[in-house]
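First up is the structure itself, then whatever we jot down about it.
Start at 1 and go down the list; that is how both ligands and their atoms are numbered.
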Amino acid sequence: METRAVYPGSFDPVTNGHIDLIQRSSALFDKVIVAILRNAEKTPLFSIEERTEMLEEAIRDLKNVSVVSFAGLLVDFAEQIGASVIVRGIRAISDYEFELQMALMNRRLSSKVETVFMLPAESYSYLSSRLVKEIAQHGGVIRGLVPMEVEKRLNSKFRNK
Ligand code: PNS
C-alpha cells in the first residue's frame with residue numbers, strides 16, 4: 001500500500017528550507033501533500049492563492065508532490081486525504097519543544113497518523129519565513145534563501161528594486 005505524507009505549514013512564504021524538506025520527503029514517501037493552513041487568526045503577508053502558486057512553481061519537477069490548503073484540525077485533514085504520516089522539520093533544539101507538544105497532541109487526537117521529524121540541510125538550519133520577510137522588508141539580500149519567484153514577489157511587495 002502506498003504511504004502518503006502530509007507536510008503542513010503556513011508557508012508565508014515558502015523558503016529553500018521548506019523545499020529541501022519537501023525533496024527529502026518526496027524521496028521517502030510515495031506521495032507528499034504540502035498543506036497550507038488557512039488560518040483566520042494570523043495576518044499573512046501572502047494570500048493562500050499566492051502561497052499556493054509559489055509552492056506549485058517550486059515543486060514543479062517533483063511528480064509525487066502536490067499542494068493544497070486546509071482549515072480545521074490537521075489530523076482530520078490527514079485522515080480525509082488518506083495520509084498516515086505528518087512531516088515536520090526540526091531546525092534546532094529550539095523547535096523541538098513546540099514540535100513535541102504538537103506531535104503528542106496530534107497522537108492523542110488520532111492514532112492513525114504518525115509524526116515524522118526531518119532535518120533540513122545545515123545551511124538552512126537558521127532560515128525561517130519570518131526572518132526572510134524581515135530582511136526583505138528592510139531591503140536586505142535574500143538571494144539563496146528562497147526560490148527566485150518568491151524573491152521577486154517579496155521584493156515587489158516591499159517595493160525593493
Ligand atoms: O508553519 P507553521 O506555522 O509552524 O505550521 C503550524 C501548523 C499548520 C502545522 C499547525 O498550526 C497546525 O497543524 N494547525 C492546524 C490546527 C491543528 O490541528 N491544531 C492542533 C495541533 S496539535
Side-chain angles (χ1 to χ4, degrees), residues 3-26 28-29 31-59 62 65-137 142 144-147 149-151 153-154 157:
T3 307
R4 281 175 184 219
V6 59
Y7 177 41
S10 306
F11 304 104
D12 184 37
V14 60
T15 68
N16 285 346
H18 295 128
I19 306 294
D20 178 271
L21 228 73
I22 294 170
Q23 285 166 342
R24 288 173 199 280
S25 309
S26 125
L28 217 52
F29 302 107
K31 183 115 194 55
V32 177
I33 297 102
V34 180
I36 310 171
L37 176 67
R38 291 200 301 272
N39 187 346
E41 280 165 36
K42 277 194 193 172
T43 320
L45 178 65
F46 292 102
S47 68
I48 287 287
E49 292 72 26
E50 288 174 307
R51 283 180 273 164
T52 305
E53 280 167 19
M54 288 185 279
L55 266 160
E56 276 177 346
E57 161 76 24
I59 56 110
L62 299 169
V65 180
S66 56
V67 182
V68 294
S69 66
F70 78 104
L73 285 180
L74 174 60
V75 287
D76 290 343
F77 177 69
E79 284 184 32
Q80 259 172 43
I81 60 168
S84 55
V85 173
I86 295 170
V87 171
R88 288 291 286 173
I90 293 206
R91 290 162 299 187
I93 198 77
S94 48
D95 283 336
Y96 180 73
E97 218 169 311
F98 174 60
E99 293 301 333
L100 175 78
Q101 191 183 14
M102 259 203 320
L104 292 177
M105 192 58 88
N106 281 333
R107 180 183 280 170
R108 185 194 162 97
L109 292 171
S110 168
S111 56
K112 295 191 189 128
V113 200
E114 199 66 54
T115 299
V116 169
F117 293 128
M118 293 183 69
L119 308 178
E122 302 98 283
S123 47
Y124 299 133
S125 61
Y126 53 88
L127 180 54
S128 73
S129 300
R130 187 181 62 79
L131 282 184
V132 167
K133 281 185 280 194
E134 204 170 297
I135 297 165
Q137 184 176 8
I142 52 169
L145 300 178
V146 290
E149 177 59 25
V150 178
E151 180 178 330
R153 290 191 192 220
L154 274 168
K157 279 254 182 224

Q: Examine the side chains of Ser69 and Arg38 and answer whether a donor and an acceptor come within less than 3.5 Å of each other.
A: yes
**Q.** Contacts of Ser47 that satisfy side chain to side chain contact (heavy atoms under 4.5 Å, CB included) - sequence neighbours left out
**A.** Glu49, Glu50
Q: Using the side-chain hydrogen bond (donor to acceptor under 3.5 Å, both in side chains) rule, take Ser84 and Glu114 through it: C-alpha gap first, then chi angles, then the decisive distance, then the call.
A: CA-CA 6 Å; Ser84 55; Glu114 199 66 54; over 6 Å; no
Can you list every pair where an N/O of ligand 1 is under 3.5 Å from an N/O on the protein?
residue	atom	partner	partner atom	Å
ligand 1	1 (O)	Ser10	N	2.9
ligand 1	3 (O)	Ser10	OG	2.6
ligand 1	4 (O)	Arg88	NH2	3.0
ligand 1	5 (O)	Arg88	NH1	3.4
ligand 1	18 (O)	Leu74	N	2.8

Q. Okay, side chain of Arg88, backbone of Pro8: is any donor-acceptor separation there less than 3.5 Å?
A. yes
(Q) Going by the rule ring-ring contact (aromatic ring centres under 6.0 Å, His included), which residues pair with Tyr7 if we only count those two or more places apart in sequence or in a different chain? (A) Phe11
Q: Using salt bridge (charged side-chain N to carboxylate O under 4.0 Å, His left out) as the criterion, list what pairs up with Asp76, not counting sequence neighbours.
A: none
